[in-house]
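The structure appears right after this line, and notes come after that.
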Amino acid sequence: MLRTHTCGEASASLAGKEVTLCGWVHRRRDHGQLTFIDLRDRYGLTQVVAHEKENAAAHAALGDARNEWVLRVRGTVRARPEGTKNPRLATGEVEVVATEVTVLNASKTPPFYVNEETEVDENLRWKYRYVDLRRERSKDLMRLRHEVVAYIRRHLIERGFWEIETPTLIRSDPTGARDFIVPSRYYPGRFWALPQSPQQYKQILMVGGLDKYFQIAHCYRDEDPRADRVYEHTQLDLEMSFVDREDVMATLEGLYTEIFRMFARKPLAKTPVPRMTYEEAIRRFGIDRPDLRFAIELVDLTDALRSTGFNAFRSVIDSGGAVRGLVVPGKADATRKDIDGWQALAKTKGAKGLVSFAFAGTEVRSPVAKFFTPGEIAAIRAATKAGDGDLALAVADTYHTASVSLGVVRERLGPELGLADTAKHYALWITDFPLVERTPEGGWTFSHNPFCAPLTEQDIALLDTDPEKAKSKQYDFVIDGKEIFGGSVRIYQRAVQERVFAQLGVSKEDAATRFGALLDALEYGAPPSGGVGAGVDRLCMTLAGTENIREVQSFPKTQTGYDPLLDAPAAVDAKLLDELGLRVVAQPEKRA
RNA sequence: GGUCCCGUGGUGCAGCGGCCUAGCAUACGUCCCUGUCAAGGACGAGAUCGCCGGUUCGAAUCCGGUCGGGACCGCCA
């Protein structure tokens, strides 16, 4: 070892001892005959001092050193003179008097500050990630992620889970997100896909009798990145046999409440974690991952407006739809622009429009006020509990569309109006999801994944009569309005699986092509099983309170999927293309 | 595929038709300095304002395009 101690260890108990430290120059303070350097490594910061008259060589070396040079310092730990201790530094009681200073490596002037917490352009940060990682915030996020993952492993292994890796070159499947594909050399014209999740493998491991499995798995999807989703992310993938959903939920709640207790900056508002059915979540919040940090709820105005003269509402009600309402506290003074913004949001979820009622004193201001009787206005105000100075919003549509349209508006209000309780994390379970849902084209699709088990025998029967009402054994875990993980108990009988495929319009041949291995496995003694896929990046974001997924990843790509560090993607050798039987048709774009 | 925001010395920002010969902080360089810890002091170097084109007597500033970054919609569990 080049060092005897780290820069975080210096303390009064080492006083008088000779130590050797290695690290980066964090900051230099040159007083002429007396020079200080803060030497930094992953563990901390130690002040190194040299005096010209006591050790001219060491003093000169410290004086020549610059920020981010890598030094090896031999010296003696001593208690700092009275009055010069630094209580803001963990090692501030002591300093190292340098006797020998070796420059292991000089450094160019860094492209941005390591010793200051200023915002830096992301392109620069990722290009010089090796410099950025030395910054305290980046280092702390890497540490957090390491500790969380280490804890997950320890927790699950102690409870009998085996960590098993599954392949990352798999079969492409056209459903879901676009796959990343990898050409095959032995089979020219065929391609591997990178997994979007280890879904089929995990179930097959259960058929293999391995009982309890988990993996910290890399997952890939080739869809346009956003602040909270990128090409590659890491998932805690977990599956267990001979369980029903209560068992999986108990296992995961145990793990996650412990993770939040150990690593979160603020406590969970309630444990055990409250539960809510999907139906209740839509009814009260218009979304399947409600943000419970603020209390506003949707209300139903259908009955109150059954005979209204406002035709846009009346016709919807007459044809079996609903009018749903929402109060926006204190926003009776909302501008046209505010309301247009909310309306545009509501329209993204299918609303035809958004009607507002501003209550000021006994007055009501609304573009459609003249269509409502005073009784109806009063009923709207009573139902939404709009007080003086509040605004009420209403949408008429099918019950579901009206609800989710207001749901996205509600979701926006938390941050926009600063309503959210930021002192706690609000976790909850959502259960009893629909098994299938309508596609915009009028067909059917699974709402979670194709292997998700129906909740009861009745729900299987409902597929024949009223598919939309069929519930599943899916469960989601939501914190502060974000899905932290989701999972389900699986179908383990081929007949049931085929019944679900039939509903989705997946032919037997199609199913055999896409999921043949798993379907075959179901015929060789598949146990009941259930599990989850849990985003590790998102978990770390929530724990750290950042909205930027790239910050919790070691080497992130930009929003256009470019890696500024490695300058990737890149062209490949023509010979390699030949071997793969590929010809590039698109013009390769030049990159600055 | 689309919408919006940003691009000014190494970094972070200001300037938003002429007062800009582009300002501030910090970093950087040289010198001074024996107790600092965002050390202090003096001096200095460093940008043709992302790029291309246009409007104008005059453009960092206005307009169009383009490239790069970010946020979002589409897409996506």
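All chains are named by letter (A, B, ...) in the order of the sequence lines, taking the proteins before the strands, and each is independently numbered beginning at 1. Everything quoted here is computed from the prediction, not taken from an experiment.
A close approach under 4.0 Å does not occur between any side-chain nitrogen or oxygen of A:T348 and OP1 or OP2 of B:C73. In this structure, A:N115 does not reach the B:U26 phosphate: none of its side-chain N or O atoms is under 4.0 Å from OP1 or OP2.
Side-chain to base pairing of A:Y113 with B:G10: one donor and one acceptor N or O lie within less than 3.5 Å of each other.
You'll find the side chain of A:V536 stays beyond 4.5 Å of the side chain of A:H233, heavy atoms only. With a 4.5 Å cut-off on side-chain heavy atoms, A:L393 and A:W342 count as touching.
Between A:N123 atom CG and B:G12 atom C1' there is a gap of 16 Å when expressed in whole angstrom units. Note: CG (A:L345) to C1' (B:U3) measures 15 Å, nearest angstrom. Following rounding to the nearest Å, A:R135 (CZ) and B:A27 (C1') show an atom-to-atom distance of 14 Å. Atom CD of A:E119 is separated from atom P of B:C6 by 17 Å (rounded to the nearest Å). Counting to the nearest Å, the C1' atom of B:C72 and the CD atom of A:Q559 are 8 Å from each other. The CD atom of A:E68 sits 14 Å away from the C1' atom of B:C28 (whole-angstrom rounding). Between the CG atom of A:D563 and the P atom of B:G68 there is a distance of 15 Å, rounded to whole Å.
Nucleotide B:U36 is matched to nothing when pairs are restricted to Watson-Crick or G-U wobble geometry with both distances under 3.5 angstrom. When both distances must be under 3.5 Å, the Watson-Crick or G-U wobble mate of B:G9 does not exist. Searching all strands for a Watson-Crick or G-U wobble partner of B:G64 with both distances below 3.5 Å returns B:C52. In this structure B:G58 sits in no base pair that meets the Watson-Crick or G-U test at under 3.5 Å. The nucleotide B:C4 finds its pairing partner in B:G70, both defining distances of the Watson-Crick or G-U wobble pair being shorter than 3.5 Å. For B:A14, there is no paired nucleotide, since no Watson-Crick or G-U wobble pair has both relevant distances below 3.5 Å. Base-pair partner of B:C31: B:G41 (Watson-Crick or G-U wobble, both distances under 3.5 Å).
The gap from the P atom of B:G12 to that of B:C4 amounts to 25 Å, rounded to the nearest Å. B:G70 and B:C28 are spaced 29 Å apart, taking the C1' atom of each and rounding to whole Å. Taking atom P in both B:A22 and B:U34, one finds a spacing of 38 Å when rounded to whole Å. Between B:U8 and B:U3, the two P atoms lie 24 Å apart (nearest whole Å). Between B:G53 and B:C13, the distance separating the two P atoms is 29 Å to the nearest Å. Separating the P atom of B:A27 from that of B:A38 is a span of 12 Å, rounded to the nearest Å. Between B:C63 and B:G17, the two C1' atoms lie 13 Å apart (nearest whole Å). For the C1' atom pair drawn from B:U21 and B:U48, the interatomic distance equals 12 Å after rounding to whole Å.
Listed by first then second residue, pairs satisfying salt bridge (charged side-chain N to carboxylate O under 4.0 Å, His left out) with a partner in residues 6-16 of chain A number zero, not counting sequence neighbours. Annotation: side chain to side chain donor-acceptor pair (under 3.5 Å) contacts involving residues 192-205 of chain A, sequence neighbours excluded, comprise A:D179-A:Q196, A:Q199-A:Q203, A:K202-A:D237. Within the structure, every pair that satisfies the salt bridge (charged side-chain N to carboxylate O under 4.0 Å, His left out) test and touches residues 22-37 of chain A, not counting sequence neighbours, is listed here: A:R28-A:D30, A:R29-A:D38.
The salt bridge (Lys or Arg N to Asp or Glu O under 4.0 Å) check on A:E411 picks up A:R289, with sequence neighbours excluded. Applying the ring pair (Phe, Tyr, Trp, His ring centres under 6.0 Å) criterion to A:H31, with sequence neighbours excluded, gives A:F36. A:H26 is linked by a ring pair (Phe, Tyr, Trp, His ring centres under 6.0 Å) to nothing, counting only residues two or more places apart in sequence or in another chain. Judged as a salt bridge (Lys or Arg N to Asp or Glu O under 4.0 Å), and not counting sequence neighbours, A:D222 has no contacts. A:P87 is linked by a side chain to side chain contact (heavy atoms under 4.5 Å, CB included) to nothing, counting only residues two or more places apart in sequence or in another chain.
Here the closest non-hydrogen pair linking A:A98 and A:V73 is CB-CG1, 3.9 Å.
Residues from residues 544-555 of chain A placing a heavy atom under 4.0 Å of any atom in RNA chain B, listed by number, are A:R550.
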Please write out each protein N/O paired with an N/O of nucleotides 75-77 of chain B under 3.5 Å, distance rounded to 0.1 Å.
unit_1	atom_1	unit_2	atom_2	d
B:C75	O2'	A:E223	OE1	2.7
B:C75	O2'	A:E223	OE2	3.3
B:C75	O2	A:R229	NH2	3.1
B:C75	N3	A:R229	NH2	2.5
B:C75	N4	A:R229	NH1	3.4
B:C76	O3'	A:A177	N	3.3
B:C76	O2'	A:R221	NE	3.2
B:C76	O2	A:R229	NE	3.3
B:C76	O2	A:R229	NH1	3.0
B:A77	OP1	A:A177	N	2.8
B:A77	N1	A:S447	O	3.0

Can you list, pair by pair, the side-chain donor-acceptor contacts under 3.5 Å of residues 543-550 of chain A, counting residues two or more places apart and other chains?
unit_1	atom_1	unit_2	atom_2	d
A:T546	OG1	A:N548	N	3.1
A:T546	OG1	A:E551	OE1	3.1
A:N548	OD1	A:R550	N	2.9
A:N548	ND2	A:E122	OE2	2.8
A:R550	NE	A:K557	O	3.3
A:R550	NH1	A:E122	OE1	3.2

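A donor and an acceptor atom, one from each side chain of A:D41 and A:T6, are nowhere located under 3.5 Å apart.
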message = Output one letter per nucleotide in nucleotides 29-43 of chain B: B when a protein non-hydrogen atom lies under 4.0 Å from the base, S when only the sugar-phosphate is that close, - when neither is.
response = SS--BBBBBSB----
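Between A:H425 and A:F260, a ring centre-to-centre spacing shorter than 6.0 Å is recorded.
Counting any heavy atom pair closer than 4.0 Å across all strands shown, A:L124 reaches sugar-phosphate atoms only and no base atom.
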